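Since the structure is predicted, the reported quantities are computational estimates derived from the model, not experimental observations. The basis for the numbers below is simple: all heavy atoms, side chains too, and nothing from hydrogens, waters or symmetry mates. Every chain is numbered from 1 and lettered A, B, ... according to where its sequence line falls, protein lines coming before strand lines.
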Amino acid sequence: GENVEQHPSTLSVQEGDSAVIKCTYSDSASNYFPWYKQELGKRPQLIIDIRSNVGEKKDQRIAVTLNKTAKHFSLHITETQPEDSAVYFCAASTTSMDSNYQLIWGAGTKLIIKP
Amino acid sequence: DAGVTQSPTHLIKTRGQQVTLRCSPISGHKSVSWYQQVLGQGPQFIFQYYEKEERGRGNFPDRFSARQFPNYSSELNVNALLLGDSALYLCASSPRASGGSNSYEQYFGPGTRLTVT
């Protein structure tokens, strides 16, 4: 089955700097890769996702890149702000109608933005 | 628009008891998934239901069961509770409509925090 590994487990960056979180996956059939942000005691919130037919997607200060050959994808946050502090999870899934769209999650990265 | 709702918010049970957790998906969403999130870890997939049928099951014992109703709401049942079942139980809904570009995006409810003593 699918396995998703996420690094680093903790990332501390200066406010205004960039942050990069990396994930690798094992199942070449996976074709949907969302990123979730979870603040303490709250639900995971979808912040950006990418499908396997594109290599990069941007949304304001957030971008995700996907390398299907190497089976890894990354989250990039530029101009970090204090409100970016949270735990970030990557996930992978297949999206064929025969599949169950089961999300397999990474272990999470605690992002700390230092003022 | 109302998001995914879950009830109850918090629950305390003792070992051996049974618990039922409830989830109402976003209006128009036909798929509901259940996840268990232990403190400090990522969510673990338990079940997915689509059109009232089980479409996927994670690596959880038979003490865990679920169902989806005609209005697409869902219940998760856990029997013979163990201390290790203490966790945040998350429900996620998605449209899962064929051909839709957003059909597999999953949106989470606030969760039910279950404490087993």
Side-chain angles (χ1 to χ4, degrees), chain A residues 1-10 21 23-25 27 29-54 57 59 64 75 86-110, chain B residues 3-6 9-10 23 25-26 29-51 53-60 66 68 87-113 115:
Chain A
E2 176 65 282
N3 181 53
V4 176
E5 294 190 356
Q6 183 172 348
H7 301 280
S9 57
T10 304
I21 302 171
C23 289
T24 60
Y25 62 99
D27 188 350
S30 291
N31 58 359
Y32 174 62
F33 307 93
W35 286 88
Y36 284 85
K37 174 183 180 182
Q38 188 174 31
E39 297 177 40
L40 190 63
K42 298 194 174 179
R43 74 189 80 187
Q45 290 194 304
L46 178 67
I47 56 172
I48 195 167
D49 57 14
I50 191 167
R51 290 156 183 78
S52 57
N53 57 345
V54 297
K57 182 177 178 180
D59 183 4
V64 56
L75 177 72
V87 178
Y88 290 80
F89 291 97
C90 63
S93 175
T94 58
T95 59
S96 70
M97 285 304 291
D98 292 333
S99 76
N100 60 29
Y101 299 178
Q102 173 186 155
L103 285 177
I104 304 300
W105 297 67
T109 295
K110 183 177 182 179
Chain B
V4 179
T5 59
Q6 291 186 244
T9 306
H10 296 86
C23 170
I26 292 170
H29 286 195
K30 299 182 178 181
S31 178
V32 169
S33 298
W34 287 95
Y35 294 84
Q36 180 196 65
Q37 186 176 25
V38 174
L39 196 62
Q41 298 181 18
Q44 298 292 313
F45 173 75
I46 310 175
F47 286 110
Q48 185 181 90
Y49 278 78
Y50 174 61
E51 289 285 14
E53 292 186 3
E54 182 184 303
R55 292 301 186 99
R57 173 185 287 254
N59 188 24
F60 280 80
Q68 187 176 34
L88 180 67
Y89 288 84
L90 293 161
C91 170
S93 80
S94 64
R96 200 182 159 137
S98 62
S101 61
N102 298 327
S103 62
Y104 28 78
E105 291 179 0
Q106 296 195 18
Y107 296 91
F108 285 82
T112 294
R113 183 158 299 283
T115 303

Among B/Gly111, B/Pro110, B/Gly58, the residue with the most heavy-atom pairs under 4.5 Å to chain A is B/Pro110

Atom group of A/Gln6 that falls short of 4.5 Å from chain B, counting heavy atoms:
neither

Do you see a donor-acceptor pair shorter than 3.5 Å between the side chains of [X] and [Y]?
X	Y	result
B/Gln68	B/Glu53	no
B/Glu105	B/Tyr107	yes
A/Asn3	A/Tyr25	no
B/Gln106	B/Tyr35	yes

Please identify, among A/Pro44, A/Gly108, A/Gly41, A/Pro34, the residue contributing the most non-hydrogen atom pairs under 4.5 Å to chain B.
A/Pro44

Go through the atoms of B/Gln44 and report whether side chain, backbone, both or neither lie under 4.5 Å from a heavy atom of chain A.
neither

